[in-house]
There are 2 protein chains.
Amino acid sequence: MTSSFEVVAEPSRRAILGLLVSSERSVGEIERALRLSQPAVSKHLRVLRDAGFVEARVEAQHRVYRLRPEPLMELDQWLAPFRAYWSKHVDALERHLDAMKQKAKTSPSKPRKKKR
Amino acid sequence: MTSSFEVVAEPSRRAILGLLVSSERSVGEIERALRLSQPAVSKHLRVLRDAGFVEARVEAQHRVYRLRPEPLMELDQWLAPFRAYWSKHVDALERHLDAMKQKAKTSPSKPRKKKR
DNA sequence: TTAGTATATACCTGTCAAGACATATAACAT
DNA sequence: ATGTTATATGTCTTGACAGGTATATACTAA
């Protein structure tokens, strides 16, 4: 479990990060929100902590977890050269943005334009 | 191997994507660049293809692989809310950027400049 | 045809991680 | 002290997956 990439590869961990982006939470709150067992949540939090994605504060008998930006920034930086790449491929970019618009409207799925 | 996140969790696959961002390559070129066995490369390319990260073109007896932007864009979109988050935590942002500067220069540590 | 090159797939094996369950630790209440 | 709540950790099992070797497929060259 060395890299930040492996850490966010796990869906439950992404869900935890998604929860924490809006506000900090205790273990129990995360457990109830994600309907995971308590040990499962604690283990994921351990992984996230070790990788620097979150940090905990002790508050009475609770541990309140909050997000730390650095590892996510690292992921963002890895993506940077690819952003530069796809800015040169405007056609693909536009197809993608169109697909996004479709989703936003919750309209039925549309076949993608075949290329070449 | 459902999600794009799992696909890029694998270091060799990230290396392949890193190669393809500069230019398209054949399987053999990738194999030699990464010093992996040919079957290993083909398997990673299969995963990348199935997930939409790359596509192949047949050219004589070679298959030339090139990048496709969409799945990487999806990763980028997942990061969007976190970018918004850390833009509100400027101190951490600055510590991170300073660390990056250190790395770039590989020079001895320097006092941090206060900003704004 | 045959041989040679380039790539893909089958099969096997070792490793690693996620989840379940049980148990330990810690803080608080009485 | 005992009990109760909140969280962490240990153990075990199961399944996934990465890499290796061997083999299959596809195309080229003669």
Side-chain angles (χ1 to χ4, degrees), chain A residues 1-20 23-68 71 74-75 78 116, chain B residues 1-20 23-68 71 75 78:
Chain A
M1 194 69 49
T2 323
S3 83
S4 302
F5 295 89
E6 295 166 74
V7 172
V8 299
E10 220 291 322
S12 299
R13 286 196 288 265
R14 286 202 302 283
I16 291 175
L17 295 173
L19 282 177
L20 295 184
S23 82
E24 43 179 42
R25 323 242 176 175
S26 72
V27 179
E29 289 171 332
I30 296 171
E31 179 191 346
R32 287 184 292 275
L34 301 190
R35 324 196 108 227
L36 281 175
S37 75
Q38 178 270 313
V41 172
S42 279
K43 278 189 211 170
H44 284 309
L45 286 171
R46 173 82 138 109
V47 173
L48 289 167
R49 233 186 312 128
D50 289 350
F53 282 85
V54 301
E55 60 190 351
R57 169 181 101 239
V58 177
E59 185 166 294
Q61 59 289 54
H62 297 248
R63 314 257 164 129
V64 181
Y65 281 82
R66 66 167 164 278
L67 221 51
R68 276 169 42 88
E74 183 190 321
L75 300 185
W78 182 79
R116 271 272 80 231
Chain B
M1 196 68 50
T2 322
S3 85
S4 302
F5 296 90
E6 295 166 74
V7 171
V8 299
E10 219 293 320
S12 299
R13 286 196 288 265
R14 286 202 303 281
I16 291 175
L17 295 175
L19 281 177
L20 295 183
S23 82
E24 43 177 44
R25 322 243 177 173
S26 72
V27 179
E29 289 171 331
I30 296 170
E31 178 190 345
R32 288 184 290 277
L34 302 190
R35 325 196 106 229
L36 280 176
S37 74
Q38 177 268 314
V41 172
S42 279
K43 280 190 221 170
H44 285 309
L45 287 171
R46 174 83 139 110
V47 173
L48 289 167
R49 234 186 311 125
D50 289 350
F53 282 85
V54 302
E55 61 190 350
R57 168 180 100 239
V58 177
E59 186 167 295
Q61 59 287 53
H62 297 250
R63 314 258 164 129
V64 181
Y65 280 82
R66 68 167 163 278
L67 221 52
R68 275 169 42 88
L75 300 185
W78 182 79

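Chain letters run A, B, ... following the sequence lines, proteins first, then strands; residues in each count from 1. Remember, it's a predicted structure, so these values are computed and weren't measured experimentally. Side chains included, hydrogens not; waters and symmetry mates left out as well; all remaining heavy atoms used.
Taking atom CG on L48(A) and atom C1' on dA18(C), their separation rounds to 14 Å, with Å as the unit. Following rounding to the nearest Å, I30(A) (CD1) and dA6(D) (C1') show an atom-to-atom distance of 13 Å. Note: CD (E59(B)) to P (dA6(C)) measures 13 Å, nearest angstrom. Put simply, CD on Q61(B) is 11 Å from P on dC27(D), counting in whole angstrom units. Nucleotide dT7(D) holds its P atom 14 Å from the CG atom of L34(A), rounded to whole Å. Atom NE2 in H44(B) sits about 9 Å away from atom P in dG20(D), given to the nearest Å. Atom CZ of R57(A) and atom C1' of dA6(D) are 15 Å apart (whole Å). The NE2 atom of H62(B) sits 6 Å away from the P atom of dT7(C) (whole-angstrom rounding).
Geometric assessment of R13(B) against the ring of F53(B) yields a negative cation-pi assignment under the 6.0 Å and 45° thresholds.
Nucleic acid contact class of S42(B) (heavy atoms, under 4.0 Å, all strands): base.
Checked by atom type and distance alone, the side chain of R68(A) never pairs as donor or acceptor with a backbone atom of E55(A) at under 3.5 Å.
Of all heavy-atom pairs spanning H44(A) and L36(A), the tightest one is CD2-CD1, 4.3 Å. Nearest heavy-atom pair across I16(A) and L34(A) is CG1-CD1, 3.5 Å.
Contact check, Y65(A) against dA6(D): no side-chain N or O comes under 4.0 Å of OP1 or OP2. Side-chain N/O atoms of S37(A) include none lying less than 4.0 angstrom from OP1 or OP2 on dG19(C). Taking side-chain N and O atoms only, R46(B) has no distance below 4.0 Å to OP1 or OP2 of dA8(C).
Side-chain atoms of Q38(B) lie closest to dA8(C) of the nucleotides dA8(D), dA8(C), dG19(D). Among the nucleotides dA18(D), dC17(D), dA18(C), the one closest to the side chain of E6(B) is dC17(D). For R49(A), the listed nucleotide lying nearest its side chain is dA8(D); candidates were dG20(D), dA8(D), dA6(D). Here dT7(D) is the nucleotide among dA6(D), dA6(C), dT7(D) with the atom lying nearest to any side-chain atom of R63(A).
Applying the 3.5 Å distance criterion, the base of dT11(D) shares a donor-acceptor pair with the side chain of K43(A). For dA18(D), the base has no donor-acceptor partner in the side chain of E10(B) [N/O atoms by modelled type, under 3.5 angstrom].
Within the model, atoms OG of S26(B) and CZ of R57(B) stand 10.5 Å from one another, a figure rounded to the nearest 0.5 Å.
Across the interface with DNA chain C, nearest-nucleotide mapping of P39(A) and L36(A) shows L36(A) to be the residue nearer the 5′ end.
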